[in-house]
Peer 1: 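Below are the structure tokens for one structure; questions will follow.
Just so we're clear, the structure is a prediction, and the values are computed from it rather than from any experiment. Just so you know, residue 1 is the first one in the sequence shown, and it goes up from there.
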Amino acid sequence: MLWAGRTATEIATAVRHGDVSATTVVEEHLHVISERDPEVGAFRRVREQAVEEAQAVQKRPDLAELPLAGVPVAVKDNLEVAGEATRGGSAGTADVPAPADHATVARLRAAGAVVVGLTNLPELGLVAFGDSAYGIVRNPWDRTRTPGGSSSGSAAAVAAGMVPIALGNDGMGSLRIPAAACGVLAVKPGADVVPPPADDWNRLTENGPLATTVSDLALTLSVLAADPSLAEAWRGGRRVDPRPPMLRSVWADDDEVWEPQPPPDSPEPFDLRVAYAPQPLPIGLPMDKEFQAAVRAAAETLRVAGHTVVEHGHRLPAWLGPATIATWLSQAAMSAAEMDRRTVERRTRALARAGRALTRMKLDGVRGRERWSAYGADQWFGDADVLITPSLGTVPPRADRWGERGFLRNVLANVRFAPATGAWNMCGWPAITVPIATHTSGLPIGVQLIAPPGGEPHLLGLAAQLQSAHPPVRPRGYH
């Protein structure tokens with residue numbers, strides 16, 4: 001295979017220049033999916049019609065201008081893809097084809113990407129595991145472990161080299177958790193940057209990309225956000241000339257857009273104030289020591305790169321954890337409200353029941369979210385431009401049928417595994433996870449970078465510097 005395992009940027013450049021056809025690229029990736037997915041379980045549905053759609057991309061008169069020309073992409077199965085049923089990880093959802101693409105899918109297609117399949121997620125995206133009625137998604141690094149969730153299949157598909165980029169969403173960490181567990185990158189944009197999913201959990205949830213390189217992540221985010229400047233943001237804000245004009249319709253209302261330039265040997269230097277918090281969790285919530293060490297290593301890397309680096313010595317406020325859990329459970333109740341309880345999993349029924357009880361008692365997390373959004377996040381964050389924390393609390397649990405287990409086991413496992421991401425959904429701030437090291441368990445370690453609203457360029461720029469110093473590694477057998 002010549003093109004499976006290549007980056008989206010490499011594929012798109014080759015297709016635009018006529019070095020390979022979009023059809024060949026997609027056919028190769030479908031073959032790789034057929035070989036690898038039986039042991040990973042990333043896809044609920046693989047779209048053989050993607051070959052015909054690649055042929056249509058190849059015939060487009062604007063092929064030479066498409067930023068994602070011929071790039072295979074996987075889409076989380078809670079986002080509408082025209083002609084496909086959107087099952088959301090549940091046997092209780094309607095098996096009815098969507099009449100149109102979600103806005104994010106439409107933007108990817110307009111940019112020349114080809115949807116090769118729909119990826120698995122836990123029922124209604126409620127937990128940080130990867131099991132559902134459609135099977136158990138497994139972590140390519142260790143198939144006895146979960147890839148995390150809820151963008152489980154999207155992260156696993158990218159990590160296993162089945163697609164170069166994937167689309168997912170993040171309501172309490174559902175992009176960052178599986179990306180960190182699978183050793184890939186993911187960014188949760190801030191509010192109003194990318195069109196959200198239909199069920200956006202009362203503006204907690206954002207759509208975003210997963211990729212293996214920062215340049216791919218930035219390029220895909222720029223398409224999803226209809227903002228060409230984001231494609232260059234990982235260079236630290238530097239714009240490179242000359243730039244041939246590109247397809248205007250991809251970028252909404254921008255008057256002029258440009259082809260992404262080949263990656264330089266190292267990102268353009270820029271100076272930010274970076275804080276790091278190896279253990280940001282309230283007392284009582286443990287944090288893996290190796291994850292803490294990875295945060296310190298990331299901070300030192302950025303200090304050497306020329307940034308002002310300081311330690312953030314405060315833990316998140318004790319009241320924020322219960323407010324985040326209450327918010328999660330109340331939104332689970334809302335997502336499951338229209339479902340026939342006889343068709344959903346034991347776990348979903350239990351989470352929804354708890355959420356309804358909290359809502360009746362007015363303990364649904366709304367006041368805590370308002371308090372954190374209004375001033376708490378900004379005050380706690382301080383004067384830094386970016387904060388580094390661990391992405392996860394511990395290594396991923398076993399890949400198992402968690403949906404058949406009850407409330408307490410699921411909540412405790414979720415909180416222990418993934419306690420560090422939800423705070424930034426509560427206030428709508430952008431955050432990214434970057435793989436930086438390998439745990440003694442053999443699993444990857446990701447660090448989370450957080451910025452105030454509008455800070456996506458800073459996150460991408462710092463992620464590029466971290467990736468330059470700590471090159472990504474694929475799991476064994478998936479090169």
Peer 1: Calculate, to the nearest 0.5 Å, the distance between atoms CD1 and CH2 belonging to Ile11 and Trp3 respectively.
Peer 2: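 The distance works out to 7.5 Å.
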
Peer 1: Using side-chain heavy atoms (C-beta onward) and a distance below 4.5 Å, is Trp201 in contact with Met334?
Peer 2: no

Peer 1: Please collect all side chain to side chain donor-acceptor pair (under 3.5 Å) contacts where either partner lies in residues 190-199, sequence neighbours excluded, each pair once.
Peer 2: Asp192-Arg203, Asp199-Ser335

Peer 1: Under 3.5 Å, is there a donor-acceptor pair between the side chain of Glu80 and the main chain of Ala98?
Peer 2: no

Peer 1: Can you spot which of Thr205, Asn169, Thr93 makes a side-chain hydrogen bond (donor to acceptor under 3.5 Å, both in side chains) with Asn78?
Peer 2: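 Only one option passes, and that is Asn169.
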
Peer 1: Calculate, to the nearest 0.5 Å, the distance between atoms OG1 and NZ belonging to Thr23 and Lys59 respectively.
Peer 2: 8.5 Å

Peer 1: Please determine, by modelled atom types, if His439 and Asp288 share a side-chain donor-acceptor pair under 3.5 angstrom.
Peer 2: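 On atom types as modelled, these side chains qualify, holding a pair under 3.5 Å.
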
Peer 1: Without swapping roles, check the side chain of Asn120 against the backbone of Gly130 for a donor-acceptor pair under 3.5 Å.
Peer 2: no

Peer 1: Could you give me the CA-CA distance, side-chain angles and deciding distance for Arg303 and Thr301, then say whether side-chain contact (heavy atoms from CB on, under 4.5 Å) is met?
Peer 2: CA-CA 5 Å; Arg303 186 193 66 77; Thr301 297; over 6 Å; no

Peer 1: Are any non-hydrogen side-chain atoms of Thr438 and Pro444 less than 4.5 angstrom apart?
Peer 2: no

Peer 1: For the CD1 atom of Ile432 and the CG atom of Leu175, what is their distance to the nearest 0.5 Å?
Peer 2: 11.0 Å

Peer 1: Applying side-chain contact (heavy atoms from CB on, under 4.5 Å) to Leu466 and Val447, what does each step give before you reach the verdict?
Peer 2: CA-CA 10 Å; Leu466 290 174; Val447 295; 4.3 Å; yes

Peer 1: How far apart are the closest heavy atoms of Ala94 and Ala85, and which atoms are they?
Peer 2: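 The pair with the smallest heavy-atom distance is O-CB, 4.2 Å.
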
Peer 1: Where do Tyr276 and Val309 come nearest, in terms of heavy atoms and distance?
Peer 2: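 Result for this residue pair: CD2-CG1, 3.7 Å.
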
Peer 1: Can you find a pair of side-chain heavy atoms, one from Leu204 and one from Trp328, that are under 4.5 Å apart?
Peer 2: no

Peer 1: Please report the closest heavy-atom contact between Leu351 and Ala332, naming both atoms and the distance.
Peer 2: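 Scanning both residues completely, I find the closest heavy atoms to be CB-CB, 4.3 Å.
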
Peer 1: Kindly indicate, with the supporting measurements, whether the criterion side-chain contact (heavy atoms from CB on, under 4.5 Å) is fulfilled by Arg143 and Glu39.
Peer 2: CA-CA 8 Å; Arg143 293 192 295 276; Glu39 61 187 17; 3.7 Å; yes

Peer 1: Got a donor-acceptor contact below 3.5 angstrom from the His102 side chain to the Pro196 backbone?
Peer 2: yes

Peer 1: Taking everything shown except Glu52 itself, do over 12 heavy atoms lie less than 6.0 Å from its CD?
Peer 2: no

Peer 1: Quick check: does any side chain N or O of Trp141 sit under 3.5 Å from a backbone N or O of Cys182, one acting as donor and the other as acceptor?
Peer 2: yes

Peer 1: Can you name the closest pair of heavy atoms from Ala186 and Leu217 and give their distance?
Peer 2: CA-CD1, 4.0 Å

Peer 1: With a 3.5 Å distance limit and no angle check, can you tell me whether Asp385 reaches the backbone of Val274 through a side-chain donor-acceptor pair?
Peer 2: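 Answer holds: no.
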
Peer 1: Among all residues two or more places apart in sequence or in another chain, which pass the side-chain contact (heavy atoms from CB on, under 4.5 Å) test with Thr213?
Peer 2: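 side-chain contact (heavy atoms from CB on, under 4.5 Å) check on Thr213 returns Thr7, Ser215, Asp216, Gln467.
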
Peer 1: Please report, to 0.1 Å, the donor-acceptor pairs under 3.5 Å made by any side chain of residues 108-119, with sequence neighbours excluded.
Peer 2:
{"residue": "Arg109", "atom": "NE", "partner": "Asp101", "partner atom": "OD2", "Å": "2.8"}
{"residue": "Arg109", "atom": "NH1", "partner": "Glu53", "partner atom": "OE1", "Å": "3.1"}
{"residue": "Arg109", "atom": "NH2", "partner": "Asp101", "partner atom": "OD1", "Å": "3.4"}
{"residue": "Thr119", "atom": "OG1", "partner": "Val75", "partner atom": "O", "Å": "3.4"}
{"residue": "Thr119", "atom": "OG1", "partner": "Lys76", "partner atom": "N", "Å": "3.4"}
{"residue": "Thr119", "atom": "OG1", "partner": "Ser154", "partner atom": "OG", "Å": "2.8"}

Peer 1: Assess whether side-chain contact (heavy atoms from CB on, under 4.5 Å) is satisfied between Thr308 and Leu272, documenting all intermediate values.
Peer 2: CA-CA 6 Å; Thr308 301; Leu272 296 176; over 6 Å; no

Peer 1: Can you measure from CG (Leu449) to CG (Leu462) and round to the nearest 0.5 angstrom?
Peer 2: 6.0 Å

Peer 1: Side chain to side chain donor-acceptor pair (under 3.5 Å) with Arg369: which residues, sequence neighbours excluded?
Peer 2: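 Per chain and number, Arg369 pairs via side chain to side chain donor-acceptor pair (under 3.5 Å) with no residue.
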
Peer 1: Under 3.5 Å, side chain of Arg6 to main-chain N/O of Leu2, donor-acceptor pair present?
Peer 2: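 Yes, Arg6 side chain to Leu2 backbone: donor-acceptor pair under 3.5 Å.
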
Peer 1: Per the side chain to side chain donor-acceptor pair (under 3.5 Å) rule, what does the pair list look like for residues 174-187, sequence neighbours excluded?
Peer 2: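 Non-adjacent pairs meeting side chain to side chain donor-acceptor pair (under 3.5 Å): Ser150-Ser174, Asp170-Arg176, Arg176-Asn425, Arg176-Gln448.
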
Peer 1: Who pairs with Thr348 by side chain to side chain donor-acceptor pair (under 3.5 Å), at least two apart in sequence or on another chain?
Peer 2: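 If we apply the side chain to side chain donor-acceptor pair (under 3.5 Å) test to Thr348, skipping adjacent residues, the hits are Glu123.
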
Peer 1: Is it true that a side-chain atom of Ser468 and a backbone atom of Ala464 form a donor plus acceptor pair closer than 3.5 Å?
Peer 2: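 Pair absent, no side-chain N/O of Ser468 close to backbone of Ala464.
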
Peer 1: Do Ser441 and Val395 have side chains that get closer than 4.5 Å, going by heavy atoms?
Peer 2: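 They are in contact (side-chain heavy atoms under 4.5 Å apart), so the answer is yes.
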
Peer 1: By the ring pair (Phe, Tyr, Trp, His ring centres under 6.0 Å) test, which pairs, at least two apart or in different chains, include something from residues 36-67?
Peer 2: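 Listed by first then second residue: nothing to list.
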
Peer 1: Flag the pair Pro228 / Ser222 as yes when at least one side-chain heavy-atom distance between them is below 4.5 Å, and no otherwise.
Peer 2: no

Peer 1: If I take atom CG from residue Asn414 and atom CZ from residue Arg347, how far apart are they, to the nearest 0.5 angstrom?
Peer 2: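 One gets 8.0 Å once the value is rounded to the nearest 0.5 Å.
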
Peer 1: Is the closest side-chain heavy-atom distance between Pro396 and Pro147 below 4.5 Å?
Peer 2: no

Peer 1: I need the minimum non-hydrogen distance between Ser152 and Pro122, along with the two atoms involved.
Peer 2: OG-CD, 3.6 Å

Peer 1: Glu84: what forms a side chain to side chain donor-acceptor pair (under 3.5 Å) with it, not counting sequence neighbours?
Peer 2: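 Scan of Glu84 (side chain to side chain donor-acceptor pair (under 3.5 Å), adjacent residues dropped) gives Arg45, Arg47, Gln49.
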
Peer 1: Hey, does the side chain of Asn139 reach the backbone of Thr146 with a donor-acceptor pair shorter than 3.5 angstrom?
Peer 2: yes

Peer 1: Going by heavy atoms in the side chains, are Ile450 and Thr389 under 4.5 Å from each other?
Peer 2: yes

Peer 1: Is it the case that the side chains of His31 and Glu27 hold a donor-acceptor pair, with the cut-off being a distance below 3.5 Å and no angle test?
Peer 2: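 Side chains of Glu27 and His31: no pair found under 3.5 Å.
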
Peer 1: Could you pull out all residues at least two apart from Arg398 that satisfy side-chain contact (heavy atoms from CB on, under 4.5 Å)?
Peer 2: Thr144

Peer 1: Quick test of your reading: applying ring pair (Phe, Tyr, Trp, His ring centres under 6.0 Å), list the pairs with at least one residue in residues 114-137, sequence neighbours left out, ordered by first then second residue.
Peer 2: Phe129-Trp402

Peer 1: Within the distance-only criterion (no hydrogens, no angle test), does the side chain of Ser373 pair as donor or acceptor with the backbone N or O of Met426 below 3.5 angstrom?
Peer 2: yes

Peer 1: For Leu210 and Val158, work out which heavy atoms get closest and say how close.
Peer 2: O-CG2, 4.1 Å

Peer 1: Do Val187 and Pro430 make a side-chain contact, defined as non-hydrogen atoms from C-beta onward lying under 4.5 Å apart?
Peer 2: no

Peer 1: Before we go on, tell me: are the rings of Trp429 and Phe381 under 6.0 Å apart, centre to centre?
Peer 2: yes

Peer 1: Looking at Asp131 and Arg138, is there a salt bridge between them, counting it only when a charged N and a carboxylate O are closer than 4.0 Å?
Peer 2: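 No, Arg138 and Asp131 are not salt-bridged.
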
Peer 1: With rounding to the nearest 0.5 Å, note down the distance linking CG in Asn207 to OG1 in Thr104.
Peer 2: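 It is 4.5 Å, given to the nearest 0.5 Å.
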
Peer 1: With Thr433, which residues qualify under side chain to side chain donor-acceptor pair (under 3.5 Å), at least two apart?
Peer 2: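 Scan of Thr433 (side chain to side chain donor-acceptor pair (under 3.5 Å), adjacent residues dropped) gives Ser391.
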
Peer 1: Which residues satisfy the salt bridge (Lys or Arg N to Asp or Glu O under 4.0 Å) test with Asp77, sequence neighbours excluded?
Peer 2: Arg44

